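Down below is the structure, laid out as structure tokens.
Since we're looking at a predicted model, the values are computed, not measured. By convention here, the first residue in the shown sequence is residue 1.
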Amino acid sequence: MKKLFLIALAAVGMTTAQAQQALEAPSFGDNWSLGIEGGGVTPLADGTSFIKDMRGGFGLHLQKMVSPAFGVGVEGAAYVNTSYGASKTAIDNSYVGAYGVINLFNLFGGYKCDGRVFDMEAQAGAGWGHSYVEGPGDYNYFATKAGLNFNFNVSKAVTLSLRPSVLWNMSDAGVSQSSAAYNKEKAAFQIFAGVTFKFGDGFKCADLKNQGEIDALNAQINALRGELDACVAAAAASQAQNAALAAELEACKNRKPEVIEKVSNNLQSVRYIFYKIGSSTITADQQPNVEMVASYLKNHKGSKVVIKGYASQDGNLEFNKKLAAARAESVKNSLIKKYGIAADRIQAEGEGIGHMFSENDWNRVSICTLED
């Protein structure tokens, strides 16, 4: 019996430790319950009738679950007097004791976070029994009790139970005390049914993650933070570009209209030098256009040329402004260095992003306007 008790206690301890690893730590006020029950009790001694000798009883218990599998409590029961003449009170026997309880379903099946509709408990305890006898015959005795509780959980707060048990009077029965222990001649079977009200939040399952999952989640968080920083930087760049465009638009609104002298023959007075994207280098296929401008300036000594460089809408605004100026300067430098045109006959300036042509690629251009 002692070995069996130690094995059961060790199993309870292991299960409690396992359950605590997966549960949030409850507060002291959680997992209390108060129950009230009533039913019948009948003696197990030889010569008694199980049904005819059964009488009424009622009880009360207060319980605290220390873990999902193990709990402790105190209880009291009173039994209706049927011994006419032996006692003048309505109660002829009572029992008050402490007990421990093991939830067998949670012990062997593990705790379910969403609860069970039905579970079963094993209960054992010991306490004080008292017999109310007319006159000086009242006596107290040490008693033990063991039984099962069949629980129907109708909600998280209310449980209906069927509680069969056996109560032993451990006092001497005319033989040695060791023989008197758990003697059916001094035992009674009782079956109570009752309702239990639960208090507190109960056991809450913790959503535990292993370290690998935590590291993976942290990596995802860091990646999302990096994406967020990139988005913030992109938004700031867009706001800066919008501000620059707004300033340029305002400047355009305030700019005085340019007076363009009428040219008698536009085909003769304008030449175009086109560029590759992001470049201000004059390619070989565009060199003849520069040569035509140089030839005209050589043949007309009093003429001048105005070179305006443009960029397409691709890329950053500030870069395109510099690129447009560089394209105008490339034509000017070519006229001076390669063809010997005097610098004071050449006016070169960058105009930024061009919108002359519907084809975006054509706006990568230097427009050379010859003036007589």
Side-chain angles (χ1 to χ4, degrees), residues 3-34 62-73 100-123 149-159 196-246 277-278 313-320:
K3 290 182 178 180
L4 184 62
F5 174 76
L6 292 175
I7 292 173
L9 185 61
V12 172
M14 292 175 62
T15 304
T16 302
Q18 292 175 355
Q20 288 176 346
Q21 292 174 3
L23 299 175
E24 296 180 6
S27 66
F28 178 78
D30 292 332
N31 303 300
W32 287 90
S33 61
L34 177 66
L62 178 66
Q63 181 173 302
K64 163 73 173 177
M65 291 303 293
V66 181
S67 75
F70 179 70
V72 293
V101 63
I102 298 174
N103 189 305
L104 300 176
F105 280 30
N106 289 342
L107 176 65
F108 297 109
Y111 179 73
K112 286 191 174 183
C113 297
D114 54 355
R116 290 185 171 91
V117 176
F118 172 77
D119 61 45
M120 185 169 64
E121 298 172 330
Q123 179 177 327
N149 302 327
F150 301 95
N151 300 322
F152 299 88
N153 302 301
V154 297
S155 71
K156 289 185 177 181
V158 178
T159 296
T196 299
F197 302 95
K198 301 175 183 177
F199 305 97
D201 293 334
F203 294 102
K204 296 180 180 178
C205 289
D207 186 14
L208 301 180
K209 302 286 186 183
N210 60 42
Q211 191 58 45
E213 291 175 333
I214 293 173
D215 293 341
L217 290 173
N218 285 333
Q220 292 181 16
I221 292 171
N222 292 332
L224 290 173
R225 284 175 177 169
E227 293 178 8
L228 178 61
D229 292 341
C231 290
V232 171
S238 297
Q239 290 177 354
Q241 186 176 8
N242 290 339
L245 290 172
I277 186 170
Q313 299 178 33
D314 307 285
N316 180 270
L317 177 62
E318 293 301 321
F319 174 77
N320 282 333

Apply the test side-chain contact (heavy atoms from CB on, under 4.5 Å) to residues Asn320 and Gln313: give CA-CA distance (whole Å), side-chain angles for both, the deciding distance (0.1 Å), then the verdict.
CA-CA 8 Å; Asn320 282 333; Gln313 299 178 33; over 6 Å; no

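- The two atoms that bring Met65 and Phe203 nearest to each other are O-CZ, 3.7 Å, heavy atoms only.
- Applying the side chain to side chain contact (heavy atoms under 4.5 Å, CB included) criterion to Val158, with sequence neighbours excluded, gives Val154, Ser155, Val195, Phe197.
- With sequence neighbours left out, Ala244 forms a side chain to side chain contact (heavy atoms under 4.5 Å, CB included) with Leu317.
- Of all heavy-atom pairs spanning Ser33 and Thr196, the tightest one is CB-CG2, 3.5 Å.
- For Asn316, the side chain to side chain contact (heavy atoms under 4.5 Å, CB included) test picks out Glu318, Phe319, with sequence neighbours left out.
- Taken to the nearest 0.5 Å, the CG atom of Leu34 stands 13.0 Å off from the NZ atom of Lys198.
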Throw together a table of side-chain donor-acceptor distances under 3.5 angstrom for residues 230-243, partners on residues two or more places apart or in other chains.
from   : atom 1 : to     : atom 2 : distance (Å)
Ser238 : OG     : Ala234 : O      : 3.0
Asn242 : ND2    : Ser238 : O      : 3.2

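- Looking at residues two or more places apart in sequence or on another chain, you find a ring-ring contact (aromatic ring centres under 6.0 Å, His included) between Phe118 and Phe105, Phe152.
- Scanning for side chain to side chain contact (heavy atoms under 4.5 Å, CB included) contacts around Ile277 gives Asp314, Arg364, with sequence neighbours left out.
- Legend: side chain to side chain donor-acceptor pair (under 3.5 Å) pairs involving residues 215-236, not counting sequence neighbours, sorted by first then second residue: Gln211-Asp215.
- Here Cys113 contributes atom SG and Lys204 contributes atom NZ; the two are 12.0 Å apart, rounded to the nearest 0.5 Å.
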Does the pair Tyr111 and Ser67 meet the rule for a side-chain contact (heavy atoms from CB on, under 4.5 Å), with working shown?
CA-CA 10 Å; Tyr111 179 73; Ser67 75; over 6 Å; no

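- For Ser27, the side-chain hydrogen bond (donor to acceptor under 3.5 Å, both in side chains) test picks out Asp30, with sequence neighbours left out.
- Under the side chain to side chain donor-acceptor pair (under 3.5 Å) criterion, the residue pairs touching residues 112-121 are Asn106-Arg116, Asp119-Asn151, Asp119-Asn153, Glu121-Asn149, Glu121-Asn151, with sequence neighbours excluded.
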